[in-house]
Amino acid sequence: MKTIIEPFRIKVVEPIRMTTREEREAALRAAGYNVFLVHADDVLIDLLTDSGTGAMSSEQWAGIMRGDESYAGARSFYRFQDRLREITGFKNILPTHQGRASERILFELVGGPGKVVPNNNHFDTTRANVEHSGAEALDLVIDEGRNPRSRHPFKGNLDPQKLERLFRDVGADRVPLVMVTVTNNSGGGQPVSLENLREIRRICHTYNKPFFLDACRFAENAFFIKKREPGQADRSVAAIVRDMFDLADGATISAKKDGLVNIGGVLLLRDEEMTRRARNLLILTEGFPTYGGLAGRDLEAMAQGFEEVLHEDYLTYRIRSVEYLGEKLLAAGIQIVEPPGGHAVYLDAASFCPHIPPLEFPGQALVCALYRHAGIRAVEIGSVMFGRGDKPAAMELVRLAIPRRVYTQSHIDYVLEAIIELHKIRDQIRGLRIVEQPPALRHFTARFEEL
Ligand SMILES: *Cc1c(COP(=O)(O)O)cnc(C)c1O
């Protein structure tokens, strides 16, 4: 059979509502042309993020009822801990309310003024937490990772030469750890190879530095390794996942991605002294170490989700549905970051809107146009998110993130049609000007005016 089907049937449905163009125009204006400020009820297909937007399984919902809400030592915590130990091989498993809480604790421990943190590409909250500590966040992805047209199979790889150069230039003392994000979200959802992880780990070893994973999409990354890396095809995804974690000294995870839950995070640590200090910070701002800012039922749903995400029929469907959208857009002459990523398709807004200069935010303009045209919500990953003053970002992208187990193929076909229609009238899309912005993470709350 050629058709790859959704490997589930639907037990609960949630209606979605089409709006008129006038309603969407008014919603956009009220939101200051920032779709983060649009009410979700006014969105037809929501591709803003794949974070916490997935559908839970019947077994996860059953877990919600089984959740043990004891303050300390809850059964649900031990089930969660056992599952994470089994999957990752780590002994110290700290639950947090989401990925950025793990990041905040980690960088409070190792960050600070004068420090430099390398990553393939920092995710926005990771960068913000590094910078909030006073440290500098550096992106050292391979050059292919900055070229939307490159078909490198592992465009998320961190460049070992750039890392060596960093150690030589700034000195190892200033680098508290090296981080690699799998898959590389800000760089197009592109995977990192096992070979690259081993090489980075070797360099970390040479300089005696801890190696950390930002492991939000560890299962999707492992699936790409299985499909693309020589010698990996016959191995199970679970075995590859274990290899990835075995290389690391620690990891931050947002369970809202490959944990298949709506809220939750994890911090994994090997070092006992660091674990002790992290637990103290956890108690200060998240909660007691056996619940970490979550309810027992959340831990139960995470324990189940981290297991289901390793099912290979699920991953086959997951990666294929993203690839389907990406390849059809390319066939229609619309440039995306090639090849399609694991959780999202990234439109190249610079080539979609060549008439809009970077500092008039072509990505943000395209996001607004797509919402106005078809009620689809995407997100800008370009100069609004990563520009600084009059320095634009390296790429102007629009991310169409696909929530897990939520939309069917006809939803995806609708998205395709809408983008292809919009592409035909793209010269009508207008640039934007920022009229109001906060000091950090401005893409969440900035307001704009159309030019
Ligand atoms: C989502 C994400 C985070 C942050 O996790 P939250 O749960 O949103 O706080 C960090 N890194 C990457 C790569 C992510 O995708």
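Every number for a ligand or one of its atoms is a count from 1 in the order of the listing. Owing to the predicted nature of the structure, the values given are computational and were not obtained by experimental measurement.
Here's the thing with Cys216: none of its N/O atoms is less than 3.5 angstrom from an N/O atom of ligand 1. Considering backbone and side-chain atoms alike, Thr183 places every N or O at 3.5 Å or more from each N or O of ligand 1.
A donor-acceptor distance shorter than 3.5 angstrom exists from the side chain of Arg404 to the backbone of Asp50, with no hydrogens or angles considered. The backbone N or O of Leu269 lies less than 3.5 Å from a partner atom in the side chain of Asn92, making a donor-acceptor pair. Proximity of a side-chain donor or acceptor of Arg399 to a complementary backbone N or O of Leu48 within less than 3.5 Å is detected.
Annotation: atom 11 (N) of ligand 1 to nearest protein heavy atom, Asp214 OD2, 2.7 Å. Atom 3 (C) of ligand 1 has Phe123 CD2, 3.3 Å as its closest protein atom, hydrogens excluded (heavy atom only). Atom 2 (C) of ligand 1 has as its closest protein heavy atom Lys257 NZ, 2.4 Å. Of all protein heavy atoms, the one lying nearest to atom 10 (C) of ligand 1 is Glu103 OE2, 3.0 Å. For atom 8 (O) of ligand 1, the nearest protein heavy atom (residue, atom name, distance) is Arg100 NH2, 3.0 Å. For atom 6 (P) of ligand 1, the nearest non-hydrogen atom of the protein is Gln98 NE2, 3.3 Å.
Here atom 4 (C) of ligand 1 lies nearest to Thr125 when heavy atoms of Thr125, Thr252, Thr181 are compared.
Atoms of ligand 1 lying under 4.0 Å from at least one heavy atom of Asn185, given by number and element, are 13 (C), 14 (C), 15 (O). Residue Lys256 approaches ligand 1 through these ligand atoms, each under 4.0 Å from one of its heavy atoms: 7 (O). Residue contact check: Ser254 has heavy atoms under 4.0 Å from atoms 5 (O), 6 (P), 7 (O) of ligand 1.
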Discussion item. Checking Gln335 against Ser351 for the side chain to side chain donor-acceptor pair (under 3.5 Å) test, could you report, in this order, the C-alpha distance in whole Å, the side-chain angles of both residues, the deciding distance, and whether it holds?
Written reply: CA-CA 7 Å; Gln335 189 61 51; Ser351 73; 5.6 Å; no
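Contacts of Arg270 classified as salt bridge (Lys or Arg N to Asp or Glu O under 4.0 Å), with partners at least two apart in sequence or in another chain: none. Judged as a salt bridge (Lys or Arg N to Asp or Glu O under 4.0 Å), and not counting sequence neighbours, the contacts of Glu272 are Lys91.
Across Ser186 and Phe386, no two heavy atoms sit closer than the pair OG-CZ, 3.8 Å.
Using a 4.0 Å cut-off between a side-chain N of Lys or Arg and a carboxylate O of Asp or Glu, Glu300 and Arg297 do not qualify as a salt bridge.
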